Amino acid sequence: MGAEKPDKYGKNHKRVNKDQKNARIERMIEWISLCKPTGDMLRLATAEWGVETRQAETYLKYARARIRERWNNQGRKDFVASALEKMERVAELSIKTNQHSNAIGAVNLQAKLLQITTRDN
């Protein structure tokens, strides 16, 4: 049999290389973006990578710091432009799939971002 393909996340390795560490941090960021509870993320990390809870907490800390860094480097205009583009895509896909309430919601969010709506009652 051939050699096993190395695990992207360095499962069950005491020491991981830089790429594996970054992969773990990016995986944590993905879990955060999926709104997974902290406890679930820590359990997943310990199960998937074979690390102790303390090490999983460290990866979570790095992931949160990386998220803050990404947002700190983005200006308000860039954020608004990006969000508007995403909402445009959501509206387009929603209309194609006859999910009109989602399309209306996306357009409403665009209007709020552009500050062209009146105050919510």
Side-chain angles (χ1 to χ4, degrees):
M1 289 194 210
E4 251 185 72
K5 183 179 176 186
D7 180 28
K8 175 181 178 180
Y9 301 105
K11 183 174 181 161
N12 294 322
H13 290 118
K14 292 270 186 205
R15 290 199 156 302
V16 293
N17 64 36
K18 185 178 179 180
D19 291 338
Q20 291 165 330
K21 178 182 176 182
N22 283 328
R24 289 179 178 186
I25 293 168
E26 288 300 319
R27 184 75 166 141
M28 280 284 188
I29 291 170
E30 181 182 339
W31 291 337
I32 291 168
S33 73
L34 294 172
C35 301
K36 291 201 180 291
T38 299
D40 289 354
M41 289 188 286
L42 297 177
R43 279 189 291 280
L44 282 167
T46 59
E48 287 190 15
W49 306 327
V51 297
E52 298 294 325
T53 302
R54 181 86 173 123
Q55 184 61 42
E57 290 169 342
T58 299
Y59 288 125
L60 183 56
K61 180 182 84 171
Y62 289 145
R64 288 178 174 153
R66 194 172 287 178
I67 290 168
R68 280 191 305 277
E69 181 180 315
R70 287 177 184 169
W71 284 101
N72 284 340
N73 291 333
Q74 186 176 37
R76 184 180 189 284
K77 286 182 180 181
D78 291 338
F79 172 80
V80 170
S82 177
L84 288 170
E85 189 64 31
K86 289 173 187 169
M87 290 301 100
E88 186 69 23
R89 182 77 174 134
V90 168
E92 177 187 334
L93 291 172
S94 298
I95 290 169
K96 284 182 181 178
T97 58
N98 290 322
Q99 297 176 350
H100 300 290
S101 62
N102 290 346
I104 291 168
V107 171
N108 281 335
L109 284 174
Q110 286 176 312
K112 285 181 182 178
L113 284 169
L114 293 170
Q115 299 176 344
I116 58 174
T117 60
T118 59
R119 198 178 92 188
D120 289 334
N121 292 328

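Values in this document were obtained by computation on a predicted structure and should not be read as measured data. These values consider heavy atoms only, across backbone and side chains, with no hydrogens, waters or symmetry-generated copies.
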What's the spacing between [X] [atom1] and [Y] [atom2] if we round to 0.5 Å?
| X | Y | atom1 | atom2 | value |
| --- | --- | --- | --- | --- |
| Arg27 | Leu44 | CZ | CG | 7.5 Å |
| Ser101 | Asn108 | OG | CG | 11.0 Å |
| Thr38 | Trp31 | OG1 | CH2 | 12.0 Å |
| Met28 | Ser33 | CE | OG | 12.5 Å |
| Arg43 | Glu48 | CZ | CD | 13.0 Å |

Short N-O contact, Lys96 and Glu92, less than 4.0 angstrom
yes
Would you call Glu69 and Arg66 a salt bridge, taking side-chain N to carboxylate O under 4.0 Å as the test?
no
Test your reading of the model: is there a side-chain donor-acceptor pair from Glu26 to the backbone of Ala23, 3.5 Å cut-off?
no
Given 3.5 Å as the limit, does a donor-acceptor pair link the side chain of Thr46 with the main chain of Leu42, or not?
yes
Anything under 3.5 Å between a donor and an acceptor, one on a side chain of residues 55-62, the other on a protein residue two or more places apart or in another chain? List them.
| residue | atom | partner | partner atom | Å |
| --- | --- | --- | --- | --- |
| Thr58 | OG1 | Arg54 | O | 3.2 |
| Tyr59 | OH | Arg24 | NH1 | 2.9 |

Looking at every non-hydrogen atom in both residues, tell me the closest pair between [X] and [Y] and how far apart they are.
| X | Y | result |
| --- | --- | --- |
| Ala63 | Ile32 | CB-CD1, 4.1 Å |
| Ala91 | Ala103 | O-CB, 3.9 Å |
| Arg64 | Met41 | NH2-CE, 4.3 Å |

Would you say [X] and [Y] are hydrophobically clustered, going by side-chain heavy atoms of ILVMFWY under 4.5 Å?
| X | Y | result |
| --- | --- | --- |
| Val107 | Ile116 | no |
| Leu114 | Ile104 | no |
| Val16 | Trp49 | yes |
| Leu34 | Ile25 | no |
| Ile67 | Phe79 | yes |

